[in-house]
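Scroll down for the structure; my scribbles are underneath it.
The structure displayed is predicted, hence computed values, not measured ones. A note on names: the letters A, B, ... follow the listed sequences, proteins ahead of strands, and every chain is numbered from 1.
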Amino acid sequence: MSVDAARASAALLAWYDRHARALPWRAPPGAATAADPYRVWLSEIMLQQTTVAAVIPYFERFTTRWPDVAALAAAEEGEIMAAWAGLGYYARARNLIACARAVAAAGGFPQEEEALRALPGIGRYTAAAIAAIAFGRRAVVADANVERVVARLFAIETPLPAARPTLYRHTDLLTPAARAGDFAQAMMDLGSRVCTVRAPLCLTCPLRPDCAAQKQGRPEDFPVKPPRRAKPRRLGIGYWLEAEDHVLLVRRPAKGLLGGMLGLPGGGWGAEAEPAPPAPADWRAIGAVEHVFTHFALTLRIEAARLPTRPIAGAWWPIARIGEAGLPTLFARAADLALAQTRTHSESA
DNA sequence: TATGCGTGGTC
DNA sequence: TGACCAAGCAT
């Protein structure tokens, strides 16, 4: 290949020294003091398949409320799940709790990639990122940004995911022994700000002299991706059952879609076991919520009813504080609909 | 290796 | 507006 790895990595680090994004979990380029491993770990988990803009407010809330891993490990699971609500991929929150408790029990984060990799929720990418960014270890950090940069740099024609081993080897060759953490973050910043999915800014790219895709005039053709399957549509029902200014919520099964989160009773739309419909009542259709998950689109019809008194059994949440329940977005929107509809209904009654 | 798993922004 | 995509992991 024609890429001079040492020249390319030096050019990238020089670019990073001038253009690094300031992020709440990040130490400045070349900082004498590395970033706090707890904050690096927390940010990396939150950033899995999630944009920086979406993560920042969650990161600020989590670190204010739980400033270190011991505090997070001591927190109640329900509190953490509620704080995670809206960020998505809720298995991350369950793994976050398990990981925090393991790390707190061990007295701190391991520094070796292999030991990090063994912790819940930490895979190949995240282990490498923490080892490099928090502990200065040389590690091959290859996320989607890095894969895109490297696929273009070398004009890799093999489609993903088959290209991953090749991309990983090329990333390894580019990764310097020193400043591995800065190098990883530089690659990701480049991928997010310059070597973008659409309309990359090749004129400002420090790797332009080396880039095979740019030489061919078709950077957007890389990485090559397989076609996607169409999303099926599903139909479900959610029950908004009120009693004495409270609403009935259920804790969903720990595994599966929205696992471990609070939601409305109902079902019919998932493969997981659904709770039985609540106590008999006169249900009134109040509309539907459209929601798109990763692998299917859902129409959730909402039916509402009111009981004169609140049954002893069940988890009843005060309607006035529904915003604090920690509902995932689907059910938060269903609650918004129910509140608007029941308010209108009360006024017209 | 393929599939399941959220949400919001972008064009 | 619908399709694509984002600092992936677990199974």
Side-chain angles (χ1 to χ4, degrees), chain A residues 21 23-26 35 39-59 81 84-96 98-99 116-130 132-134 139 141-149 159-165 168 171 181 183-193 195-199 220 223 225-234 252-261 263 270-272 289-298 327-333:
Chain A
R21 288 179 291 181
L23 298 171
W25 47 84
R26 177 180 279 185
R39 294 166 69 86
V40 172
W41 163 72
L42 180 61
S43 69
E44 289 298 341
I45 301 301
M46 288 182 166
L47 286 163
Q48 288 167 3
Q49 297 287 283
T50 308
T51 58
V52 166
V55 163
I56 286 175
Y58 283 85
F59 180 83
M81 298 305 287
W84 195 277
L87 198 54
Y89 285 135
Y90 298 99
R92 293 184 296 173
R94 301 192 299 272
N95 286 329
L96 188 82
C99 186
L116 286 161
R117 176 74 177 77
L119 290 166
I122 298 183
R124 187 181 70 166
Y125 159 76
T126 304
I130 295 171
I133 296 168
V141 180
D143 75 325
N145 282 305
V146 177
E147 287 181 350
R148 184 169 59 257
V149 171
L160 291 172
R164 292 239 154 79
Y168 189 89
T171 306
F183 177 79
Q185 294 176 95
M187 289 285 274
M188 293 188 278
D189 275 19
L190 190 77
S192 94
R193 290 170 43 162
C195 195
T196 48
V197 175
R198 287 181 296 273
E220 288 184 87
K225 297 189 175 180
R228 296 198 173 194
R229 287 192 331 207
K231 271 180 192 176
R233 173 164 292 281
R234 295 184 192 169
R252 297 174 60 79
K255 295 188 176 181
L257 194 64
L258 310 179
M261 301 300 289
E272 74 276 15
V289 173
E290 300 290 337
H291 195 74
V292 180
F293 292 104
T294 306
H295 52 296
F296 68 96
L298 174 69
L327 295 175
T329 298
L330 167 68
F331 294 120
R333 298 203 330 221

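Distances from the side chain of A:Y125 to the nucleotides C:dC5, B:dT7, C:dA7 place C:dA7 closest. Comparing B:dG8, C:dC4, C:dA7 by their closest approach to the side chain of A:N145 singles out C:dA7. Of the listed nucleotides (C:dA7, B:dC5, B:dG8), C:dA7 has the atom at the smallest distance from the side chain of A:L23. Here the nucleotide nearest the side chain of A:Q48, chosen from C:dA7, B:dT10, C:dG8, is C:dG8. Nearest to the side chain of A:H295, among C:dC9, B:dG4, B:dG6, sits B:dG4. The side chain of A:T126 approaches C:dC9 more closely than any other nucleotide in the set C:dA6, B:dT7, C:dC9. The side chain of A:L47 lies closest to C:dA7 when the candidates are C:dA7, C:dC9, B:dG6. In the set C:dA7, B:dC5, B:dT7, B:dC5 carries the atom at the smallest distance from any side-chain atom of A:T294. For A:R117, taking side-chain heavy atoms from C-beta onward, the closest of the listed nucleotides B:dT7, C:dA10, C:dA6 is C:dA10. Checking C:dA7, B:dG6, C:dA6 against every side-chain atom of A:K225, the shortest atom distance belongs to C:dA6.
In terms of heavy-atom proximity, A:A142 sits nearest to A:Y168 at CB-CD1, 4.4 Å. Contact detail for A:C99 and A:P120: the closest heavy-atom pair is CB-O, 3.6 Å.
Considering only heavy atoms from C-beta on, A:W25 comes within 4.5 Å of A:L47 through its side chain.
Near DNA chain B, meaning a heavy atom under 4.0 Å from it, residues 185-193 of chain A has no residue at all.
Mapping A:A162 and A:G86 onto DNA chain B via the closest heavy atom, the residue that lands nearer the 5' end is A:A162. Between A:L327 and A:P161, the one whose closest nucleotide on DNA chain B sits nearer the 5' end is A:P161. The nearest heavy atom of DNA chain C to A:R148 and to A:N95 marks one nucleotide each, and the one closer to the 5' end goes with A:R148.
Among the heavy atoms of the strands lying under 4.0 Å from A:I122 are primed sugar atoms or P, OP1, OP2 only; no base atom is included. If you check every strand for non-hydrogen atoms under 4.0 Å, A:W84 touches nothing. At the heavy-atom level, A:R26 lies under 4.0 Å from base atoms of the strands shown. Within the 4.0 angstrom heavy-atom criterion, base atoms lie near A:V292. Residue-level contact check: A:A54 touches neither bases nor backbone, having no heavy atom under 4.0 Å from any strand.
With rounding to whole Å, A:L96 atom CG is found 20 Å from B:dC5 atom P. In this entry the distance linking CD of A:Q49 with P of B:dG4 reads 15 Å, nearest Å. Across the protein-nucleic acid pair, A:L257 atom CG and C:dA10 atom C1' stand 15 Å apart, rounded to whole Å. A:I56 has its CD1 atom 16 Å from the C1' atom of B:dT7, to the nearest Å. Protein atom CG of A:L298 is 17 Å distant from nucleotide atom C1' of C:dG2, rounded to whole Å. As a whole-Å value, the separation of A:I45 CD1 from C:dA6 P is 18 Å. The CZ atom of A:R124 sits 16 Å away from the P atom of C:dA7 (whole-angstrom rounding). Distance, A:Y89 OH to C:dC9 C1': 10 Å, rounded to whole Å.
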Run the side chain to side chain contact (heavy atoms under 4.5 Å, CB included) check on A:V52 and A:S192 step by step: do they pass? CA-CA 10 Å; A:V52 166; A:S192 94; over 6 Å; no
Start with the C-alpha gap between A:H291 and A:F293, add the side-chain angles, then the distance that decides, and say whether ring pair (Phe, Tyr, Trp, His ring centres under 6.0 Å) holds. CA-CA 7 Å; A:H291 195 74; A:F293 292 104; 4.8 Å; yes
Could you walk me through whether A:L87 and A:R92 satisfy the side chain to side chain contact (heavy atoms under 4.5 Å, CB included) test, starting with their C-alpha distance in whole Å, then the side-chain angles of each, then the deciding distance to 0.1 Å, before giving a yes or no? CA-CA 10 Å; A:L87 198 54; A:R92 293 184 296 173; 3.8 Å; yes
For A:I133 and A:W41, what are the C-alpha separation, side-chain angles and deciding distance, and is it a side chain to side chain contact (heavy atoms under 4.5 Å, CB included)? CA-CA 10 Å; A:I133 296 168; A:W41 163 72; over 6 Å; no
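Side-chain N/O atoms of A:R21 and base N/O atoms of C:dA7 include a donor-acceptor pair closer than 3.5 Å. No hydrogens or angles were tested; on distance alone, a donor-acceptor pair under 3.5 Å links the side chain of A:T50 to the base of B:dG6.
For B:dT7, the OP1/OP2 oxygens have a side-chain nitrogen or oxygen of A:Y90 closer than 4.0 Å. For A:T51 and B:dT7, the shortest distance from a side-chain N or O to OP1 or OP2 is not below 4.0 Å. Contact annotation: A:R228 side-chain N/O to C:dC5 OP1/OP2 distance is under 4.0 Å. For C:dC4, neither phosphate oxygen OP1 nor OP2 lies less than 4.0 angstrom from any side-chain nitrogen or oxygen of A:R229.
Donor-acceptor pairing under 3.5 Å is recorded for the side chains of A:N145 and A:R148.
When the P atom is used for both B:dG6 and C:dT1, the distance is 26 Å, rounded to whole Å. Atom name P, nucleotides C:dA7 and B:dG4: the rounded distance is 24 Å, in whole Å. C:dG2 sits 23 Å from B:dC5 when the P atoms are compared, rounded to a whole Å.
When the salt bridge (Lys or Arg N to Asp or Glu O under 4.0 Å) test is applied to A:R26, the partners found at least two apart in sequence or on another chain are A:D189.
Using a cutoff of 4.0 Å between basic side-chain nitrogens and carboxylate oxygens, A:E290 and A:R233 are scored as salt-bridged.
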